[in-house]
Colleague: 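Below is a structure I'd like to ask you about.
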Protein chains: 2
Amino acid sequence: MPTPRATATRTRLLDAAERLFAEHGFAATSLRTVTEAADANVAAVNYHFGSKEGLLRAVVERAMATVNRERLRLLGELRAAARPPSAADLVHAFVATGAHLGDPQEAGGADLRRFLGRLVCEPDPAIRRLFGAEVAPVEGEYLGALTEALPHLTPAEVAYRYRAMVGLLALHQSGTLTDFHPGPPPAEPPGPDDAARLTTLLTAAFEAPAARG
Amino acid sequence: MPTPRATATRTRLLDAAERLFAEHGFAATSLRTVTEAADANVAAVNYHFGSKEGLLRAVVERAMATVNRERLRLLGELRAAARPPSAADLVHAFVATGAHLGDPQEAGGADLRRFLGRLVCEPDPAIRRLFGAEVAPVEGEYLGALTEALPHLTPAEVAYRYRAMVGLLALHQSGTLTDFHPGPPPAEPPGPDDAARLTTLLTAAFEAPAARG
DNA sequence: AACGAATTCAAACGATCGTTTAAATCCCTA
DNA sequence: TAGGGATTTAAACGATCGTTTGAATTCGTT
């Protein structure tokens, strides 16, 4: 049975790992950096999560649980409406969830977004497998809804554009789309809400006619 | 003066590094793995390139020189035509260069594409700085041409969508868009040329009206 | 108060990392 | 053919990595 103090340590480790993985990536973050930031012992990671990869798995599961719940909730709302959801509706629901994750309420909202954004681009097959398993359920739901909303596209075309949406949102979340040139941050703030820009762009991409084979 | 034998070693190191960086990423690839694959000594890297980062820099410069030359050449062709290039023309020139890099002629074409694709997603600020410096010149040219071709968009909007194009092409090159779920490769081959899918998608994205502020 | 499981801790393990050193080898030139 | 810079080599350096160990400590229960 986990003691209250133990779950507190677990949470501190998860928070610190989420932030540091988001900042430096998984491979480049050492366990000692994590445990130092979490004010815990190095061995605590292996005690609570078994290994470094176990820690990553726990961080991923916690993060994805949040976004999966919200995405399915929004999809349920859309489906409850009179007319079936349009591609624009679906894109907005999907993107807004990712772009506004824990917006101002939680302090670590930005960390969570950056972490998930980085996750999509991770090269390591083990990490990709981990991530793929977590997104599978909501992916199926949205793919189905999008295919119905876009009858002029083959399922393969819809799937390709869906993956493009996931990838682009990830780049948006990880800051790759805005902080393209490292160095001093851009003078002008995000402007007319980058999330809206992204939604517009992706909606147009989905509604485009199929590519000529 | 570099001896012929020395430049051969340099080339073998660059080839091996390009392939291994593409496969495992920069941080996760050890110098010993590279030198082993290149049939060279560990110290050869520091002798020829100064450091591991120096090796990366050399790989990036060699790779980007190829794509920059081709992209500027295609842009010159488009500008030599009677009418100014459309957004579709520009997107096609930009994407096709990245998607068909060293297509069948060179054996390492796939490595080069994957390497450049991974590069865009690299988190390390030092790597991003390195990459940013290499793409700057061609970026300016294409941004200017795209802004002229899309008078209904503000330069900031064009820039945002340009970065989306770069990012999406990178995901395409690194296989993130096609090998989304790790494991057995997809049964159906690339279909109607994924590069064409990407070009269609991006052209529609560029031509979309501006997002409502 | 005392037992015992849960949790934390300091310390060390073996492995691997990027880098450096100094000697050995290659190859062109005089 | 002898000399000398260019290149390669084997070996070691210090640092850091993820993980393990076994003892200390905490804390609810009897």
Side-chain angles (χ1 to χ4, degrees), chain A residues 1-60 115 118 122-127 129-130, chain B residues 1-60 115 118 122-127 129-130:
Chain A
M1 295 296 113
T3 248
R5 183 166 109 281
T7 75
T9 302
R10 260 186 65 104
T11 301
R12 286 203 317 278
L13 285 172
L14 288 174
D15 290 341
E18 182 178 280
R19 179 170 63 84
L20 292 166
F21 290 167
E23 195 162 345
H24 307 106
F26 175 68
T29 303
S30 75
L31 283 187
R32 284 170 175 84
T33 309
V34 174
T35 54
E36 211 164 304
D39 200 28
N41 191 274
V42 206
V45 168
N46 290 276
Y47 176 78
H48 285 285
F49 304 101
S51 66
K52 189 188 182 186
E53 185 174 322
L55 173 60
L56 174 66
R57 181 188 312 274
V59 176
V60 170
F115 171 76
R118 286 259 166 106
E122 282 286 354
D124 186 349
I127 300 183
R129 207 157 15 235
L130 196 62
Chain B
M1 295 296 117
T3 249
R5 184 167 108 283
T7 75
T9 302
R10 261 185 64 104
T11 302
R12 286 204 317 280
L13 285 172
L14 289 174
D15 290 340
E18 183 178 280
R19 179 170 62 85
L20 291 166
F21 289 167
E23 194 162 346
H24 307 106
F26 175 69
T29 303
S30 76
L31 284 187
R32 283 171 176 84
T33 309
V34 174
T35 55
E36 211 164 303
D39 201 26
N41 191 274
V42 207
V45 168
N46 291 275
Y47 176 78
H48 285 285
F49 305 100
S51 66
K52 188 189 182 185
E53 185 173 324
L55 173 62
L56 174 66
R57 181 187 312 275
V59 176
V60 171
F115 170 77
R118 286 258 166 107
E122 282 286 354
D124 186 349
I127 300 183
R129 207 158 15 235
L130 196 61

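Below, read A as the first sequence line, B as the second, and so on, with proteins coming before strands; counting in each chain starts at 1.
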Colleague: Could you state the atom-to-atom distance from CG of A:L13 to P of C:dC9 in whole Å?
Modeller: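 Nearest whole value for this atom pair: 10 Å.
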Colleague: Side chains of B:L13 and B:V45, heavy atoms from C-beta outward: is any pair under 4.5 Å?
Modeller: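 Result yes, sub-4.5 Å side-chain heavy-atom pair found.
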Colleague: From CZ of B:F21 over to C1' of C:dG18, roughly how many Å is that when rounded to an integer?
Modeller: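 B:F21 atom CZ is separated from C:dG18 atom C1' by 12 Å.
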Colleague: Does A:N41 place a side-chain N or O at less than 4.0 Å from the phosphate oxygens OP1/OP2 of C:dT7?
Modeller: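 Checking C:dT7 against A:N41, no side-chain N or O comes under 4.0 Å of OP1 or OP2.
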Colleague: Heavy atoms under 4.0 Å, any strand shown: does A:A44 hit a base, just sugar-phosphate, or nothing?
Modeller: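 The residue A:A44 makes no contact with any strand.
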Colleague: Categorize B:V42 for me: base, sugar-phosphate, or nothing, with a 4.0 angstrom heavy-atom threshold over every strand shown.
Modeller: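 Base contact.
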Colleague: When you check the phosphate oxygens OP1 and OP2 of C:dT8, does a side-chain N or O of A:T9 lie under 4.0 Å from one of them?
Modeller: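 Checking C:dT8 against A:T9, a side-chain N or O does come within under 4.0 Å of OP1 or OP2.
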Colleague: Which part of the nucleic acid does B:T29 contact within heavy-atom distance under 4.0 Å: base, sugar-phosphate only, or nothing?
Modeller: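 Contact class for B:T29: sugar-phosphate only.
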Colleague: For the backbone of A:F115 and the side chain of A:R19, can you confirm whether one donor and one acceptor N or O come within less than 3.5 Å of each other?
Modeller: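 Answer holds: no.
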Colleague: Nearest of D:dA10, C:dA6, C:dG18 to any side-chain atom of A:Y47?
Modeller: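 Nucleotide nearest to A:Y47's side chain: C:dA6.
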Colleague: Tell me: NZ of A:K52 to P of D:dT20, nearest whole Å?
Modeller: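 In whole Å, D:dT20 P lies 15 Å from A:K52 NZ.
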Colleague: Applying side-chain contact (heavy atoms from CB on, under 4.5 Å), run through A:L31 and A:L55 and close with a yes or a no.
Modeller: CA-CA 10 Å; A:L31 283 187; A:L55 173 60; 4.2 Å; yes
Colleague: How long is the line joining CG of A:N46 and C1' of C:dT7, in whole Å?
Modeller: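 The distance from CG of A:N46 to C1' of C:dT7 comes to 14 Å, rounded to the nearest Å.
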Colleague: Where each residue is assigned the nucleotide of DNA chain C containing its nearest heavy atom, which of B:F26 and A:D39 is assigned the position nearer the 5′ end?
Modeller: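 On the 5' side of the pair lies A:D39.
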Colleague: So which one's nearest nucleotide on DNA chain D is more toward 5', A:G50 or B:A40?
Modeller: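 Closest to the 5' end, via its nearest nucleotide, is B:A40.
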Colleague: Where the side chain of A:R32 is defined as all heavy atoms beyond and including C-beta, which of C:dT8, C:dA12, C:dT19 is the nearest nucleotide?
Modeller: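 So the nucleotide nearest the side chain must be C:dA12.
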Colleague: Would you mind reading off the distance between B:H24 atom NE2 and C:dC17 atom C1', rounded to a whole angstrom?
Modeller: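 Those two atoms, NE2 and C1', are 16 Å apart.
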Colleague: At less than 4.0 Å, is any side-chain N or O atom of A:S30 found next to OP1 or OP2 of D:dC17? Yes or no.
Modeller: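 Yes.
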Colleague: Starting at atom CG of B:L20, determine the distance to atom P of C:dC17, rounded to an integer number of angstrom.
Modeller: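 Atom CG in B:L20 sits about 12 Å away from atom P in C:dC17.
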Colleague: Which of these nucleotides, C:dT8, C:dT19, D:dT19, is closest to any side-chain atom of A:L31?
Modeller: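 Selected nucleotide: D:dT19.
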Colleague: Would you please test A:F49 and A:L14 for side-chain contact (heavy atoms from CB on, under 4.5 Å) and show each step?
Modeller: CA-CA 10 Å; A:F49 304 101; A:L14 288 174; 3.9 Å; yes
Colleague: Side-chain N or O of A:H48 less than 4.0 angstrom from OP1 or OP2 on C:dA6?
Modeller: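 So the side-chain polar atoms of A:H48 never come under 4.0 Å of the phosphate oxygens OP1 or OP2 of C:dA6.
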Colleague: Expressed in angstrom and rounded to an integer, what is the separation of B:F49 atom CZ from D:dT8 atom P?
Modeller: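 The answer, rounded to whole Å, is 10 Å.
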Colleague: Which pair of non-hydrogen atoms, one from A:G25 and one from A:R118, has the smallest distance, and what is that distance?
Modeller: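 Heavy-atom minimum between the residues: N-NH1, 3.7 Å.
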